[in-house]
S.K.: 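Next up is a structure, given as structure tokens.
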Number of protein chains: 4
Amino acid sequence: MGAVKTKRMPRAVREQQMLDAAVQTFGQRGYMAASMDDIAELAGVSKPLVYLYLNSKDDLFTACIRREAKALTAAVRAGVHPELPADRRLWEGLLAFFTHTARHPDGWSVLHLQARTHGEAFAAEVTAMRTEIVTFVTQLIADAAREAHRDPDLPDKEVAGLAEALVGAAESLATWANATPGVTARQAAATLMNFAWAGLGGLMAGRAWSPPPA
Amino acid sequence: MGAVKTKRMPRAVREQQMLDAAVQTFGQRGYMAASMDDIAELAGVSKPLVYLYLNSKDDLFTACIRREAKALTAAVRAGVHPELPADRRLWEGLLAFFTHTARHPDGWSVLHLQARTHGEAFAAEVTAMRTEIVTFVTQLIADAAREAHRDPDLPDKEVAGLAEALVGAAESLATWANATPGVTARQAAATLMNFAWAGLGGLMAGRAWSPPPA
Amino acid sequence: MGAVKTKRMPRAVREQQMLDAAVQTFGQRGYMAASMDDIAELAGVSKPLVYLYLNSKDDLFTACIRREAKALTAAVRAGVHPELPADRRLWEGLLAFFTHTARHPDGWSVLHLQARTHGEAFAAEVTAMRTEIVTFVTQLIADAAREAHRDPDLPDKEVAGLAEALVGAAESLATWANATPGVTARQAAATLMNFAWAGLGGLMAGRAWSPPPA
Amino acid sequence: MGAVKTKRMPRAVREQQMLDAAVQTFGQRGYMAASMDDIAELAGVSKPLVYLYLNSKDDLFTACIRREAKALTAAVRAGVHPELPADRRLWEGLLAFFTHTARHPDGWSVLHLQARTHGEAFAAEVTAMRTEIVTFVTQLIADAAREAHRDPDLPDKEVAGLAEALVGAAESLATWANATPGVTARQAAATLMNFAWAGLGGLMAGRAWSPPPA
DNA sequence: AATGAATGAGGTTTCATTCAT
DNA sequence: GATGAATGAAACCTCATTCAT
């Protein structure tokens, strides 16, 4: 357990070890239940050093959120080939997303559960990342509509809601997949892709469902 | 703020006041950040009384989860007319769900965020409720397939995945709607209904999307 | 467990029930670990009634000490026939003592352990009883010396130390006998009687042991 | 009162200061009445440091018991010259015992009163020490019998009862001597030695007292 | 004669954080 | 670059005690 006790590392390396330990601890125990003692011990350093490098528990948590958010968006971006048609791009994005969250369950827990449960400041950090992803998906939907030569002027607000629903479903599925043994990233992506794409396709074909009057 | 200081209430009444205060505090500050002092003060009673009636922080939290879970499932059940066709029943269920979560944001926070972030015991309490809802939705999807005279033998596993995605999307949208000013329960329900229904419809029409080989 | 819940008892009876419960609780759990809640519940009454009758935890404990001390001295006195020779009187006193402490282990625990462990005020209550017993034993020793026509002017201080040692040994043996299954009151009394009587006899025969110079 | 406030001591030293303060407080106020605040203040440190080093009130108390038990048995062992005859060895043992308990009244209170009054776990710690002492005394009695060329096959059970009575008398006398001004360790030892030695002597001379039939 | 409702005060324990080396 | 020593503040929980009926 814990990092091997190696002395005199350069600062950048030590910092990453601390963040590794922090993400693991925050992800598994939660922000408040994770103690700085736990984290320092898991990182293999003394507590004052954690404070020297990361300043405070809040700052440490924020650093975790930022690092994990950056890693997740980078993974999704790296998984998508921009020259492919929209459906393929959505598929690739979902696959990259579920693959990354499955490989970094503690990071995903920090982003999706912990950061949203412990105060506005932390939630705002995640919101930035989420906005980026929702924008990406919104763009994909618009592209898909254009490529299908259908209603390119789908109302923005409608598209935003759909993107929101899609991202929300993805987030829920990621947590569910991590908690459910035997569900692969591919399966999760396929389920959502079926659900979403056919739904969107149907919508674009004009088969929208209309709510009854209130 | 805080309840008006009324003296000598019967136990049952005081207990509800305490649960009200606890749900509000847990929902807004989180399980660990909420102190028993805060809750007692908000309830307008002394701390020892909270312990006398609710026993411990854990038990108090569990009581909150149970009460809110019961209220939510009751609201959804009460909103659905069983004699209507499946699409209308899904609509009514979603509308009732989003209406209730919008009216009780702290309760929803307790159920969806806090209870799942602070230990298996609490999460299990919510899982019971969630299972009930997923079962309800799964039934609706099967009914819809039958009513449309389409593929009544849709594979169970497929249906389960779809129900999971739909419920996950609903949960995410509820949290998002609570955090986004100007989004009504009706709008949230309509967005998800469009997304889901058309998606399911398309799927049933055989227009399933196939993932590329790995 | 606990007294059967009978309503409207005369005060004197209720008070004895409370003292019974208190002695049991204090004896088994100790003064500080025994809560007024425990005692009230075991007595089958509400806490305010305990306060109404016994006034405070301190007063309740004092009342327990007094009752048990009185019972113990009464038992010893009742066991001794004054017309017998000194050795028989000592035997009867010891037998009565060990019999009583074996029958009332909680009372003995209150007197010997609890009362001496929780403040001067309580200890003083027991000291009164102890003084009475030591005086009784001192008298016995003097009588024995007179009956044996030996050194009737044994120095008082010497006799006091011997009586103290004898009583101390009896107290220790009582606790030990209560904690050791299979040791009867008769056996305890016989052991001590052998030890003490032969010792005293030897002393009176002039075979005193002399300490080496310091 | 309280230790002079010296800063930055090595851990081992601070720990002993804490144990000193704890023994004093536990011995004078009792286990339950002694608060960790009291102990920390008397030790001249903050409460968290006490917890950091000694872990909990239970552990602290156990550490006190062990330290004091070790000190007492060491003192007795150091006071006895093994080459002397049995009577001299008993005398030296008693003198060392009463001297130590007189010099460390709080430690003796912890061992004899507090540790036996607050739960089996603590009592067991003392029982180990007591067993060692009883064994030592039992051996002395057997040696004395052999040296006097008298009845070397004195029944074991009888010897055990006598040793128990002797140790019990010593324990009671120690507490009594600490509570009675003007009684020296030498006097206490002499009183008990007279009592015990003559008693044993008389017993060995066949002048045993026989209880009357029941 | 008796009790349900209520609390002030204080207990043990933990934690984020800093100082001095 | 790194740490052993130390603490202020606050958390959960319990208890002896009283009030109003």
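So that the names make sense, note that chain A is the first sequence line, chain B the second, and so on, each numbered from 1.
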S.K.: Counting only side-chain heavy atoms from C-beta out, which of dC19(F), dT3(E), dA5(F) sits nearest to Y53(D)?
M.R.: dA5(F)
S.K.: Kindly point out which of dT18(E), dA6(F), dC15(F) is positioned nearest to the side chain of P48(B)?
M.R.: dC15(F)
S.K.: So if I take every side-chain heavy atom of S56(D) and compare against dT13(E), dT3(E), dG1(F), which nucleotide ends up nearest?
M.R.: dT13(E)
S.K.: Using a 4.0 Å heavy-atom cut-off, does R11(C) contact any base of the nucleic acid, only the sugar-phosphate backbone, or nothing at all?
M.R.: nothing
S.K.: Which whole-number value in Å describes the distance from I39(B) CD1 to dA11(F) P?
M.R.: 11 Å
S.K.: Expected output check: what is the dot-bracket annotation of DNA chain E, where ( ) and [ ] are pairs inside the strand (brackets for crossing ones), | is paired with another strand, and pairs are Watson-Crick or G-U under 3.5 Å?
M.R.: .||||||||||||||||||||
S.K.: Any idea which of dA6(E), dA6(F), dA16(E) is nearest the M36(A) side chain?
M.R.: dA16(E)
S.K.: Report the distance from atom CZ of R8(D) to atom P of dC19(E), rounded to the nearest whole Å.
M.R.: 10 Å
S.K.: Let me spell it out: for each of D38(D) and P10(C), pick the nucleotide of DNA chain E with the closest heavy atom. Which residue's pick is nearer the 5' end?
M.R.: P10(C)
S.K.: So, using ring-ring contact (aromatic ring centres under 6.0 Å, His included) as the criterion, who are the partners of Y53(A) when residues are at least two apart?
M.R.: none
S.K.: Taking atom types as modelled, is there a side-chain donor on S35(A) or D38(A) under 3.5 Å from an acceptor on the other?
M.R.: yes
S.K.: Select one nucleotide: of dT17(F), dA11(F), dA2(F), the one nearest the side-chain heavy atoms of S35(B).
M.R.: dA11(F)
S.K.: Rounded to whole Å, how long is the line connecting atom NZ of K57(D) with atom P of dT14(E)?
M.R.: 15 Å
S.K.: Rounded to the Å, how far apart are L49(D) CG and dC15(E) P?
M.R.: 16 Å
S.K.: Find which nucleotide of DNA chain F each of M32(C) and A34(B) is nearest to by heavy atoms, and output the residue with the more 5' nucleotide.
M.R.: A34(B)
S.K.: I want to confirm an ordering. Mapping K47(C) and Y51(D) to their closest nucleotides on DNA chain E, which one lands closer to the 5' end?
M.R.: K47(C)
